[in-house]
Every structure is written in C-alpha cells, then in structure tokens.
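In what follows, a structure is listed as structure tokens, so that the remarks can point back to it.
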Number of protein chains: 2
Amino acid sequence: MIDVAGLRVMKAIADEGSFTGAAVALGYSQPAVSQMVRRLEQRAGTALVDRVGRTVRLTEAGQTLARRAGEVLSAIDAAEEEVAAIAGLRAGRVRIAAFPSASATLVPKALALVKQRYPEVAVTFTEAEPPESLAALRAGDCDLAIAFAYEGTDVGRGEEDLDVFSTRHLLDDEVLLALPTGHPLASVGVVDIDQLRDATWIAGCPRCRGHLLSMCRSADFSPDVAFETEDYVAVAGLVAAGLGVALIPDLIVRTAHHPGVVTTRVRPASKRQIVAVTTPDLERVPAVAATLDALCEVAHSSELAPTFPAPELDYYL
Amino acid sequence: MIDVAGLRVMKAIADEGSFTGAAVALGYSQPAVSQMVRRLEQRAGTALVDRVGRTVRLTEAGQTLARRAGEVLSAIDAAEEEVAAIAGLRAGRVRIAAFPSASATLVPKALALVKQRYPEVAVTFTEAEPPESLAALRAGDCDLAIAFAYEGTDVGRGEEDLDVFSTRHLLDDEVLLALPTGHPLASVGVVDIDQLRDATWIAGCPRCRGHLLSMCRSADFSPDVAFETEDYVAVAGLVAAGLGVALIPDLIVRTAHHPGVVTTRVRPASKRQIVAVTTPDLERVPAVAATLDALCEVAHSSELAPTFPAPELDYYL
DNA sequence: CGATTCTATAACGTCAGGTTATGCGGCGGG
DNA sequence: CCCGCCGCATAACCTGACGTTATAGAATCG
C-alpha cells in the first residue's frame, strides 16, 4: 500500500513546505508531486495535506507519514549501502575450501592478493578434500572449492555435478615419481612406468591411489601397493627409508623438501588438473569473482608456473 | 533503487526457502518472484540467491537484504497502521475553536458525542471569537471553527475567505430582546423594534453591536447605546438593573438564567447563523468529518432545536 | 491592479511489474 | 533404473502506476 516514493514525497513536502519545493528537491516535476499526494490520500483514506490559499501544511496523518518516512528511508538507505558495500567489495566474505597441498601455496598467495586489493573483504578458509569440499559447496557451507581431478576422471563426485557447478581451470599439476636418494632410476630424468612394474608402491589419498592403479593398468600391470597414507610427509618418509616408490603431484613436492627423496618425471606423463569450483550464482558475487581472479593470477604467475617442461631441476619432498 | 516489493520478496524467500513458497506467501505467481529477484540482482550488482539443484539459498548480500527487510517492513507497517488508525478514527485529534456561547452548549454536546463514538479521538478546544477562530483556521492552529454570521453579513473576515473555506450550517439562532423583569413590553410576546426607538441600549460584542445598529437603521432610527461589554453576564446584570435593554441571541439565553431578565421575540425577526467552518482538505479528515457530523446532529436535535416558534416559554438570561 | 508564483488538471507516453503458457532439470519413488 | 512430480527460468503479453509537458486558475506581493 505505501511505497517508498510516496514516503519520499511526503518527507520532501514536510522539509520544503511546498509541492514545488519538494518537486525540485526530488528532481520531479511539480504535477508529479501533486498527483502523488492525491494518490497517497486516496489510498490512506484521509487528507494528508491542508492547502489553504497557496500555502501547504501537513495534516496530522501527513505529519505522521512524514515523521515515519524518516526512519523508513534511513533504514532503506542503510540496507542499500550495506548491499552496495558487498557488491562494491568494501565488505563481504568468501568461504574457501581447499585440499591440503593447495592450501599450502596457491590459496595463501591468492588470499594475500585479495586482502591487498580489497582489505575489507573477509576470506575464511577450510581444508577439505575434493569430495567434501564439493559437498560443502552444494550444502552452502562454502563459496569456493579448490579441487583437483586426475586426467580422465571427474573432479570428485558423480558427473552429475559437473554442469550445476561452474569450474575454472587453475593449473596443471604434473604427477612425479618419488624415489629414495640414490635409487638407480633417480638419475635417468624420465622414468617409464613400465620400469616400475616390480616396484613396491606407497599410495596417497584414495583418489591418488585410484590414479596410480589406472596408470599401471595402462601399462598392463597391477602395482604392489604396500602402504597407504593420506599424509604426504609420511609418504616421503617411507620413500626415503627405501620402503617403496610413490607418485606425488608436483605441487606437493614444492611445499616441503625431504633430503632423502628425489623426484623424476614419469612416462607416460600424467597430471592432475587443479580447478576452482563454485556455483554459477556465486560466480556473480563480486568477492567470489575477485577471489577467482586472484587464484587464476597466482596460478599463472611464474612462481607457480609448472616447472616442467624445464626438467633440469629435482624436487624434494 | 530499492523498493518495498523487492524487500518483501527477499524476506519471503528467506522465510519460505523457495521461490514458489515465497510466491504463494505473497499472493504472486512464481515467475513474478523469479524475475523480481533477477531485477533486484542486476540493480544490486551481485547475486542475491544461490540456486543449486532445485534448492535456493540466499547469498550474503541476499541475507543482508532479507534481514534489513524485516526492520524496513515493520517500520512501514507501523507507519501504515498509524495512518490507518487516524483514517479509521482509532486515533487522531481535532482542534476546535468556538465562540463562547457555542462553547457552552453546542460544542460540549457534540464533543461528548464524538468521544462516545470514537473514544480514541482526542478533541481539543479553544475559545475564540469568529474573526480570530477563522484566523486560527487559516494559520493551521485549529481544524474546525464554530462561527456565526448575522443575517446579511458574512461570517467574519473579508468575503474572500468564503470560498476557500468550507462552511456548514449548524443552526439559526434567533436574536431576542432582553428586558428587565416587569418592563411594560415584557408581556407583549413580540416586541416591534420601532417601540424601542427611545430605549437605552446595552451592546455586546462588536459584531453584535453592528447587528443592533443595522436593525435599528432598518427601522429608521439610531439606538442610544449607553453600554458596551463583551461579557453577557454583565449585559444581563445591566438589563436587570433597569439600565437598558439588549439584543441577545437565543443560544446565550439558554446557557444561564438571570432572574431579573425576561426575553421576548422582536419584530422584524432576525437571527444569526451558526456555522462550522473548516477547509476543504480538513473536511476530508475523518475525525474532522465525524466532529462535523456530530455538531450537525446536536444542532438539529430537539434539545437544541429553536424554541421559537413555540413562544409560550420565557427565557431568562 | 498586474506580475509572479503557487497548485490542479488534462492528455499522453513508457516501463516496471504482473500474468499465463511452456520448457527444463533435479530428485524421489515404484 | 526410469519415470513422474516439483520447482525455477523464459517468452510473450497486458495493464496501470507514475512520470512528463502544456495549460489554467487562484493567491500573494510590489
């Protein structure tokens, strides 16, 4: 029944003392104010202004409306400003869920960039493996999930989610072979997977283990997996102790050196794609978009650019 | 930029958890909600809802809007209710200005009627002679003026106000002749003004005096006005003391008896019109309209009906 | 008393915001 | 596993609220 324009008009009349004054104050024409008042009056069921001669006064109902208009308009302005602040990156929040090795490098750099550009935007961060992070995204518990997919497989959940989510490629993370220092293959440069059909394997997280199996299957053998652990420091320890070899993504290798481990490339080369996942709607939230951009920038920056093909360096876990 | 409908929609979505639910809650169709949200989003510059699968969640900006919507809408509802209360005679105020003899009878009865019918309506009352009461009306210091006009003259001010004001006739108040008890003419019933050409006169308020002069002029004589006072009790005292005769409106006579005074009708009969005056705008204020109605009813009720022509009674001042 | 400056009215254009009809995708039950 | 229901999106369309300009009438002031 009451609309904001009407309140604005009543307040302007109260402030200016005339229809014409209210009109110029609001940027309207005078007849607009005149018939707006008439509309308001017939909706209200009572006179709101008392025109005697050519002076205009508010009636009791009109004064009431004008008085109330103040609080309503300021409340609306506050709401408008609050939303504008979020839209204008002067406020807001982005909740990120990322898997551990992304948490170590990619995410911190990106968040630093966001914080530098938009100091008022709060970014919160949760560590979660891809299946859970996507579940969190779906459940509304986070805004952005950093996930990974080994080549040929999907990101995490059933394929049905690939279209409802909006996925942005960040970088390709090559999968390397981790060998104990001094291992005969350590100096070859590129190791053919077939050379490892009799090796003892140490597997990482379930999906990494799946990838190992699929690689070996391509080479027509089944790996002897003797250890399984989600903790990559433990993997490195096991490799260094000479208990087996392991496939470890490049990104993890860079986060922590382990003096007893050497990495080399593997043939056939395989990599995992690291992606940022969100929903189409959240992608239209400026803070989320800004964070996505920052992630892309960091991913493509030289610091995080894939070191292969530039294989002269060894990477320690 | 933000409109009330939009806030209502956001709040409904927050409450119901779905567009369809919000639509039925608001009495809209579902597409109405859908495109309203889209409009809001492109105005806001950010996504407000996050649709994943077939569930809908509010984004941070959306939650902000929904939360603020509560206070804005309740403020608007309060304003609406306050105005509706005034329009519905559950609140409000009427400021009356009336001349003394109306204050004594007509106004109190009418106000009692108003108070009985609309207990929440506050009626305030100021005593003022017609010229000032109309000035107060014009200045916005009162809503309703009870004034009188002797036949042939206007209500009070220059005639220019007769059209800007809205005038409602209440009753005709016959002007009577006040004589001291025992005066030879006291028993005649109707006294011809011509019989009083040699009398000594006592005049009331300036306008009443004007009326006396004009009556005498019609009878081709000029009255001998020995006393002037605005106080009718004083007039009565003077008449009772045999110091002169006076013209006194019927309405005043009824308010107070004075044992030393008798009243009779005068020929040519003359009366003053008692009118309620307000502005066209204020007439559309329900409380004012109700008060006007009450005044009319009281004026036309038997209690205040003119006792003449039923001249068998004498009235004492 | 005429000029100025108010408000009211008429006539008209436009766009916000509603409707119905329809399509499509997700989720749950047989 | 598929099918049916349910909920959101889109298209096409309609209406009326609300703005405009043009003009008239009335009140105040010099």
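Note that these values count all heavy atoms, side chains included, but never hydrogens, waters or copies made by symmetry. This one's a predicted model, so the numbers in the text were calculated from it and none came from an experiment.
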By nearest nucleotide on DNA chain D, pick out whichever of Val52(A) and Ala32(A) is the more 5' one.
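Nearer the 5' end of the strand: Ala32(A).
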Atom-to-atom span, [atom1] of [X] to [atom2] of [N] - whole angstrom:
X         : N       : atom1 : atom2 : result
Asp3(A)   : dA16(C) : CG    : P     : 15 Å
Asp50(A)  : dA27(D) : CG    : P     : 14 Å
Phe165(B) : dA27(D) : CZ    : P     : 11 Å
Leu7(B)   : dG17(C) : CG    : P     : 12 Å
Gln42(B)  : dA9(D)  : CD    : P     : 13 Å
Arg43(A)  : dC18(D) : CZ    : C1'   : 10 Å
Leu40(B)  : dA9(D)  : CG    : P     : 13 Å

Write down the protein N/O and nucleotide N/O pairs, taken from nucleotides 6-10 of chain C, whose separation is under 3.5 Å; answer none if there are no such pairs.
from, atom 1, to, atom 2, distance (Å)
dT7(C), OP1, Phe19(A), N, 2.4
dT7(C), OP2, Thr20(A), N, 2.7
dT7(C), OP2, Thr20(A), OG1, 2.2
dA8(C), OP1, Arg51(A), NE, 2.6
dA8(C), OP1, Arg51(A), NH2, 3.1
dA8(C), OP2, Ser34(A), OG, 2.5
dA8(C), N7, Gln30(A), NE2, 3.2
dA8(C), N6, Gln30(A), OE1, 3.2
dT9(C), OP2, Arg38(A), NH1, 3.0

Just so I know, are the side chains of Leu65(B) and Ile2(B) near enough to count as touching, which here means a heavy-atom distance under 4.5 Å?
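The answer is yes, as the side chains (C-beta and beyond) meet within the 4.5 Å cut-off.
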dT28(D) OP1/OP2 closer than 4.0 Å to side-chain N/O of Arg138(B)
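Checking dT28(D) against Arg138(B), a side-chain N or O does come within under 4.0 Å of OP1 or OP2.
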Examine dT20(D): is either OP1 or OP2 under 4.0 Å from a nitrogen or oxygen in the side chain of Tyr28(A)? Give yes or no.
no
Residues that Asp15(B) engages under side-chain contact (heavy atoms from CB on, under 4.5 Å), provided they are two or more places apart:
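Only Lys11(B) meet the side-chain contact (heavy atoms from CB on, under 4.5 Å) criterion with Asp15(B).
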So, using salt bridge (Lys or Arg N to Asp or Glu O under 4.0 Å) as the criterion, who are the partners of [X] when residues are at least two apart?
X         : value
Asp293(A) : Arg168(A)
Glu82(B)  : Arg67(A), Arg68(A)
Glu81(A)  : Arg90(A)

According to the salt bridge (Lys or Arg N to Asp or Glu O under 4.0 Å) rule, which pairs have a member within residues 44-59 of chain B, sequence neighbours left out?
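The answer is Asp281(A)-Arg51(B), Glu41(B)-Arg51(B), Asp50(B)-Arg57(B).
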